[in-house]
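Remarks on the structure that follows.
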Amino acid sequence: MSNFKFSVGPWNVSEGADVYGPEVRKTISLEDKIIMFKKLGFDAVQFHDDDAVPNMNNMTNEEIIAEAKHVKKILDENGLAAEFVAPRLWMDPHCTDGAFTSNSPEDREFAIWRAYRSIDIANALGCNKIVLWLAREGTLCAESKSAVTAVKYLVEALNKMLTYDKKIKILIEPKPNEPVDRSFCGTIGHVMGVSAATIDPSRVGGLLESAHAVLAGLDPANEIGFALAMGKLWGVHLNDQNGLKFDQDRSFGVENLRQAFNQVKLLVENGYGKNGEYIGLDVKAMRTTRDDAGWQHLTNSLEIFRILEAKVAKYDYSFQEKCIKERNYEALELYVMKLLMNG
Ligand code: XUL
Ligand code: MN
């Protein structure tokens, strides 16, 4: 049992290719993934624009909306909602040098076209959240872009999206690096700054991914706390990450259980989900995983989340208060560790 609603993206069930090797698992169709997501206990699906409408670059606006409506029908048939749509700009040849911050005006224009289409697709899927993971908005060669101009381009792009549709909310998903070396918008603090610079800060918030925070050398729970304090935590991508290396998207809690517990604790304590927010996963199966276990990283993450949620429910807040009053944080720490280790 959980008090939360859960979401997942189709890319979380993958063929297992990595930068050094080819696919190792069979391809599963979007419809079969949706059917399985429901069986596994999810409430909503996260989409990239081209998860919902493959080949969209070669389609008219009307064709794109019609295809998205077809996907909405599959969702309805399976009792699932759409959580958000995210333009998958980093895969497109137009965005080799970035999208909204590209040095090329034509390529920036293309990025806006895809952002508008993502809004159309979101409307057709019945959701109003647009997620921007700003994958290539940064540099490989530090001198290749002006960090000042780039941030202004980014704000300009957000303003265009906010103007295109007055009901959408934009959730920026920060990540400090990979595939770029230096991102222009690497942490939740950056997201809040960019939000404040737009024409409607009330519609620009954040989606915090645990692994991305770890890659920035930060505690994901603290990042979640910062966004909650600003009233702008509108999505999460819970997962885990073993230190500063490539983005691992490990199952939630498998690398740093205490940090995972504190993420859940903050979400529970601050009523996350009360405005319809989902506990979103962004987890990857290990490449060694065989076809028949290709969903297990999802069920493992859900199970770990629910166990931690139950631990939060059992948490002794009066003992926490006593320790704080006595400034006995050694005792508080041992209490938390025992809570996590027992049962
Ligand atoms: C990349 C990442 C993306 C976004 C969705 O690191 O997390 O999958 O979550 O565009
Ligand atoms: Mn993510």
Side-chain angles (χ1 to χ4, degrees), residues 6-19 30 33 42 44-54 56 82-92 95 98-100 111 114-115 117-119 121-122 125 127 129-138 154 157 161 169-188 190-191 205-216 218 220 223-224 227 233-242 244-252 260 263 277-285 297-298 301 305:
F6 297 89
S7 73
V8 63
W11 67 93
N12 282 195
V13 178
S14 74
E15 292 82 358
D18 66 20
V19 279
L30 177 63
K33 286 181 186 179
F42 288 97
V45 181
Q46 314 162 13
F47 287 93
H48 291 118
D49 51 1
D50 59 357
D51 287 323
V53 186
M56 57 185 290
E83 182 190 11
F84 66 69
V85 177
R88 192 175 349 228
L89 295 164
W90 55 94
M91 292 296 267
D92 199 283
C95 304
F100 306 122
R114 282 283 289 256
R117 299 295 76 76
S118 291
I119 295 171
I121 293 170
L125 292 177
C127 66
K129 286 181 177 158
I130 301 296
V131 166
L132 299 180
W133 168 47
L134 302 168
R136 298 190 194 278
E137 315 299 4
L154 179 58
M161 294 170 67
K169 286 188 155 190
I170 302 173
L171 287 61
I172 301 178
E173 179 182 350
K175 184 177 180 182
N177 62 281
E178 198 203 30
V180 288
D181 187 11
R182 300 161 200 82
S183 164
F184 295 129
C185 191
T187 69
I188 276 290
H190 290 85
V191 171
L207 180 152
L208 190 277
E209 172 164 325
S210 326
H212 295 179
V214 175
L215 285 173
L218 298 169
E223 287 283 273
I224 282 176
L233 188 73
W234 300 340
V236 290
H237 268 172
L238 297 188
N239 58 14
D240 214 343
Q241 169 75 26
N242 179 24
L244 302 180
K245 46 187 89 163
F246 61 95
D247 187 6
Q248 297 178 311
D249 295 337
R250 302 295 326 278
S251 293
F252 182 56
Q263 290 173 67
E277 303 92 349
Y278 291 92
I279 297 295
L281 300 181
D282 194 0
V283 291
K284 218 181 252 146
H297 58 304
L298 301 179
S301 296
F305 182 94

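FYI, side chains are in, hydrogens and waters are out, and symmetry mates aren't considered; it's all heavy atoms of this structure. As the structure lists them, so they are numbered: ligands from 1, and atoms in each ligand from 1. Everything numeric in this text was worked out from a predicted model, so none of it was measured.
Those atoms of ligand 1 with a heavy atom of Trp11 less than 4.0 angstrom away are 8 (O). Close approach of ligand 1 to Lys175 is summarised as follows: ligand atoms under 4.0 Å from at least one heavy atom of the residue are 6 (O). Per-residue contacts place Asp247 under 4.0 angstrom from the following atoms of ligand 1 (heavy atoms of the residue considered): 6 (O). Of all the atoms in ligand 1, the ones that sit under 4.0 Å from a non-hydrogen atom of Glu173 are 2 (C), 4 (C), 5 (C), 7 (O), 9 (O).
Within the 4.0 Å heavy-atom criterion, neither part of Glu178 lies near ligand 1. Contact annotation: for Trp90 versus ligand 1, heavy atoms closer than 4.0 Å belong to the side chain alone. Heavy atoms of Leu207 found under 4.0 angstrom from ligand 1: none, in either backbone or side chain.
The ring pair (Phe, Tyr, Trp, His ring centres under 6.0 Å) test with His48 singles out one residue from Trp133, Phe84, Trp90, and that residue is Trp90.
Taking backbone and side chain together, His237 holds an N, O or S atom under 2.8 Å from the Mn ion (ligand 2). Because the distance cut-off is set at 2.8 Å, Asp282 qualifies as a neighbour of the Mn ion (ligand 2) through one of its N, O or S atoms.
Side-chain contact between Glu223 and Thr187: present, with at least one pair of heavy atoms (C-beta onward) separated by less than 4.5 Å. The closest side-chain heavy-atom distance from Asp240 to Ser210 is not below 4.5 Å. In this structure, Pro87 and Leu132 have side chains that are in contact, with non-hydrogen atoms separated by less than 4.5 Å.
Shortest distance from the Mn ion (ligand 2) to Glu173 is reached at OE2 (N/O/S atoms only). Nearest to the Mn ion (ligand 2), among the N, O or S atoms that Glu209 has, is OE1.
A donor-acceptor pair shorter than 3.5 Å cannot be found between the side chains of Asp282 and Asn239. If you check the side chains of His237 and Gln46, you find a donor sitting under 3.5 Å from an acceptor.
Within the set Lys284, His212, Gln46, the minimum heavy-atom distance to atom 6 (O) of ligand 1 is found for His212. For atom 7 (O) of ligand 1, the nearest non-hydrogen atom from the set Arg88, Glu209, His48, His237 belongs to Glu209.
Not one N or O of Trp133 is nearer than 3.5 Å to an N or O of ligand 1, by distance alone.
Protein heavy atom nearest atom 2 (C) of ligand 1, with residue, atom name and distance: Asp282 OD2, 3.6 Å.
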Subject >> Full working for salt bridge (charged side-chain N to carboxylate O under 4.0 Å, His left out) between Asp49 and Arg117 >> reply: CA-CA 8 Å; Asp49 51 1; Arg117 299 295 76 76; over 6 Å; no

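Because its NZ or CZ atom is not both nearer than 6.0 Å to the ring centre of Trp234 and within 45° of the ring axis, Lys129 does not count as a cation-pi partner of that residue.
Atom CZ of residue Arg88 and atom OG of residue Ser118 lie 10.5 Å apart, to the nearest 0.5 angstrom.
Using a 4.0 Å cut-off between a side-chain N of Lys or Arg and a carboxylate O of Asp or Glu, Lys284 and Asp247 do not qualify as a salt bridge.
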